Visitor: 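First the structure, which I've put down as C-alpha cells, then a few questions once you've had a look.
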Amino acid sequence: MQFEPVIGLEIHAQLATQSKIFCSCSTQFGKPPNESTCPVCLGLPGALPVLNRRVVEFAIRLGLATHSTIRLDSQFARKNYFYPDLPKAYQISQFDRPICENGWLDIEVEGQTRRIRITRIHMEEDAGKLVHAGSDRLAGSKYSLVDYNRAGIALCEIVSKPDIRTGREASEYASEIRRTVRYLGVSDGNMQEGSLRCDVNISVRKGPNAPFGTKVEIKNMNSFSAIQKACDYEIARQIEVYENGGEIFQETRLWDEAKQLTKSMRLKE
C-alpha cells in the first residue's frame, strides 16, 4: 500500500527586540543565569505586564510578508501548564484570536514550486531554560537547574497547515522562514542560540484521499538537516508500524542526533 506523509511545522522565531515582551529586561544572549529577570518575568505577585509595542510591529511585518490577514482585535490568553521553567505556571500566548491568520509561503524543491499555507502567526512569551545535571533530559538526571533569563523573551510562532509531504520540503520551508525573518529584520534566526526553533507534527495516511493518521510531534531539532532526517526517519518508522499491524500513539518524540533516530518522550493527552 502506498502511504502518504502529512507534515506541518510550528516554528518559533525569537524577535530581535532589545527588551522582553512584557517588561524592560534585556534580551542579550549569554548573560549569567537569572541576571535578566524582574518581578514581571518571574511572575511575582502584583507585577503587571505591559506589552512591548515593537513586538506587535514585528508580528505585523511578518504577517504582511507571508500574505496573512492582520487582525485588528487580536487577544492574549493563558496557556496553563505546571513545569519549573514557567514561573507563573501559565504562558501568555494567543489562542483563538491570533494577530495574523491564513497566509502562505512558496518554496522551491527540485525545480517545483510548492505553496505551504500558514494557519496563524501569534505572539507569545518564551519559557525559561532547564539544565538537567548529568543528562540531556529529565530522566537520568540527579537534579535540575533553571535559568529564567529567557523567560518572557518575545516570540512569534508560525504554524503551517499540514501541506508538507517530504522531509526535504519541511527543511526547505523552515529555511525559507529563516530567510524571511532575517530579511525583515525581525529575528536573527540563529538556531544555535535557540532564536529559531522548530517542532514537526507528522503522520502518514493510506493514500492522498484517506483521513489523516495519528500524528506525533518531534522536538529538539536545531538544524535544517536534522529536520529533514527526523522527518524521513519518522515517516519510515510509522509506515513500518502500520505494515506490521501496530498502532501509532499520539506522543511527543525527540530527535537523537547521535543515533539518528526519534525516541519517545511523553504521550500527549
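Computed from a prediction, not measured in an experiment: that's the story for all the values here. Along the sequence shown, residues are numbered consecutively beginning with 1.
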Visitor: Backbone N or O of C231 within a donor-acceptor pair of the E234 side chain at under 3.5 Å?
Guide: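 No, the answer is negative, given that no donor and acceptor are paired below the 3.5 Å cut-off.
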Visitor: Restricting to non-hydrogen atoms, name the atom on I121 and the atom on P98 that form the minimum distance, rounded to 0.1 Å.
Guide: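 Nearest heavy atoms, I121 then P98: O-CB, 3.8 Å.
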Visitor: If I compare all heavy atoms of D163 with all of E169, which pair ends up nearest, and what's the gap?
Guide: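 Heavy atoms of D163 and E169 come nearest at O-OE1, 4.2 Å.
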Visitor: For the pair R61 and E57, find out whether any cationic side-chain nitrogen is under 4.0 Å from an anionic carboxylate oxygen.
Guide: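 Answer for the salt bridge query: no.
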Visitor: Would one find more than 12 heavy atoms of other residues, nucleotides or ligands at under 6.0 Å from atom OH of Y143?
Guide: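 Count not over threshold, so no.
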Visitor: What distance separates T214 OG1 from R205 CZ, expressed to the nearest 0.5 Å?
Guide: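 Here the rounded value is 13.5 Å.
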Visitor: Is any side-chain heavy atom of T166 closer than 4.5 Å to a side-chain heavy atom of E110?
Guide: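 Counting from C-beta outward, T166 and E110 never come under 4.5 Å.
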Visitor: With heavy-atom distances below 4.5 Å as the criterion, would you say the side chains of L130 and Y83 are in contact?
Guide: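 Yes, close enough: below the 4.5 Å cut-off.
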Visitor: Heavy atoms, side chains only, cut-off 4.5 Å: are R197 and K219 in contact?
Guide: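 No, their side chains stay 4.5 Å or more apart.
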Visitor: In the structure I gave you, are the side-chain heavy atoms of E172 and R114 within less than 4.5 Å of one another anywhere?
Guide: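 No; the side chains remain at least 4.5 Å from each other.
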Visitor: Measure the CD1-NE2 distance between I158 and H122 for me, rounded to the nearest 0.5 Å.
Guide: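 Here the rounded value is 10.0 Å.
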Visitor: Output side-chain donor-acceptor pairs under 3.5 Å for residues 14-21, partner residues at least two apart or in another chain, one line each.
Guide:
unit_1: T17; atom_1: OG1; unit_2: S19; atom_2: O; d: 2.8
unit_1: S19; atom_1: OG; unit_2: N52; atom_2: ND2; d: 3.3
unit_1: K20; atom_1: NZ; unit_2: S36; atom_2: O; d: 2.7
unit_1: K20; atom_1: NZ; unit_2: N149; atom_2: O; d: 3.0
unit_1: K20; atom_1: NZ; unit_2: A151; atom_2: O; d: 2.8

Visitor: Whether the side chain of R97 engages the backbone of Q75 through a donor-acceptor N/O pair (distance < 3.5 Å, no angle test) should be reported.
Guide: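 A pair under 3.5 Å: no.
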Visitor: What is the distance from atom CZ of R266 to atom CG of L254, rounded to the nearest 0.5 Å?
Guide: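 With rounding to 0.5 Å, CZ (R266) is 8.0 Å from CG (L254).
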Visitor: Give a yes or no on whether the backbone of Y148 and the side-chain of N34 come within a donor-acceptor separation of less than 3.5 Å.
Guide: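 The answer is yes, because a donor-acceptor pair under 3.5 Å joins these two groups.
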Visitor: Report the distance from atom OG of S160 to atom CG of L105, rounding to the nearest 0.5 Å.
Guide: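 Taking OG in S160 and CG in L105, the distance rounds to 10.5 Å.
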Visitor: Find out if a path of hydrophobic residues (ILVMFWY) with successive side-chain heavy-atom gaps under 4.5 Å connects I11 to I60.
Guide: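 Shared cluster, yes.
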Visitor: Might you point out which heavy atoms bring A174 and L196 nearest each other, and give the distance in Å?
Guide: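 Nearest pair, atom of A174 first, then L196: O-CD2, 4.4 Å.
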Visitor: Surrounding NZ of K88 (heavy atoms of other residues, nucleotides or ligands, distance under 6.0 Å), is the total greater than 12?
Guide: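 Correct, the count exceeds 12.
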Visitor: Could you pull out the closest heavy-atom pair between R165 and P5, with the gap in Å?
Guide: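 Looks like CD-O, 2.9 Å.
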Visitor: I need the L51 CG to C23 SG distance, nearest 0.5 Å.
Guide: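 With rounding to 0.5 Å, CG (L51) is 11.5 Å from SG (C23).
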Visitor: Look only at the side chain of R150 and the backbone of G128, and say whether a donor-acceptor pair between them is shorter than 3.5 Å.
Guide: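 Checked: pair present.
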Visitor: Under 4.0 Å between a Lys/Arg side-chain N and an Asp/Glu carboxylate O for R120 and E157?
Guide: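 No, R120 and E157 are not salt-bridged.
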Visitor: Quick check: are there more than 12 heavy atoms from other residues, nucleotides or ligands sitting under 6.0 Å from NZ of K79?
Guide: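 For K79, atom NZ is not crowded (no more than 12 foreign heavy atoms under 6.0 Å).
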Visitor: Show me the pairs that pass salt bridge (charged side-chain N to carboxylate O under 4.0 Å, His left out) and involve residues 177-195, at least two apart or across chains.
Guide: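 Every salt bridge (charged side-chain N to carboxylate O under 4.0 Å, His left out) pair that includes a residue of residues 177-195, provided the two are not neighbours, is E176-R179.
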Visitor: I'd like to know if the side chain of D126 and the backbone of I153 have a donor-acceptor N/O pair within less than 3.5 Å.
Guide: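 Checked: no pair found.
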Visitor: Tell me whether I107 is reachable from Y183 by hopping between hydrophobic residues (I, L, V, M, F, W, Y) whose side-chain heavy atoms are closer than 4.5 Å.
Guide: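 Linked within one cluster.
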Visitor: Taking the inter-plane angle between the rings of F3 and Y242 on a 0 to 90° scale, is it parallel (under 30°), tilted (30 to 60°) or perpendicular (over 60°)?
Guide: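 Plane angle under 30°, so parallel.
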Visitor: Is there a side-chain contact between V56 and M123 (heavy atoms, below 4.5 Å)?
Guide: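 Counting from C-beta outward, V56 and M123 do come under 4.5 Å.
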Visitor: Do Y173 and I118 come within less than 4.5 Å of each other through their side chains, counting heavy atoms only?
Guide: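 Yes, close enough: below the 4.5 Å cut-off.
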Visitor: When rounded to the nearest 0.5 angstrom, what distance separates CD in E124 from CD in Q94?
Guide: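 Taking CD in E124 and CD in Q94, the distance rounds to 9.0 Å.
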Visitor: So, R78 side chain and Y90 main chain: donor-acceptor pair closer than 3.5 Å or not?
Guide: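 No; zero donor-acceptor contacts below 3.5 Å.
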Visitor: Shortest non-hydrogen contact from E125 to Q91?
Guide: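 Of all heavy-atom pairs spanning E125 and Q91, the closest is O-NE2, 2.7 Å.
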Visitor: Look at the side-chain heavy atoms of Ile, Leu, Val, Met, Phe, Trp and Tyr, link any pair under 4.5 Å apart, and say whether W255 and I235 land in one connected group.
Guide: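 In one cluster with W255: I235, yes.
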Visitor: Between I227 and A170, what is the shortest heavy-atom contact and its length?
Guide: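 I227 and A170 have their closest heavy atoms at CG2-CB, 3.9 Å.
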Visitor: May I ask whether I92 and F95 are part of the same hydrophobic cluster, defined by side-chain heavy atoms of I, L, V, M, F, W, Y residues being less than 4.5 angstrom apart, directly or through others?
Guide: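 No, because I92 and F95 fall into different hydrophobic clusters, even though each may have its own neighbours under 4.5 Å.
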Visitor: Is it true that V109 and V6 fall in one hydrophobic cluster, defined by side-chain heavy atoms closer than 4.5 Å?
Guide: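 V109 and V6: separate clusters.
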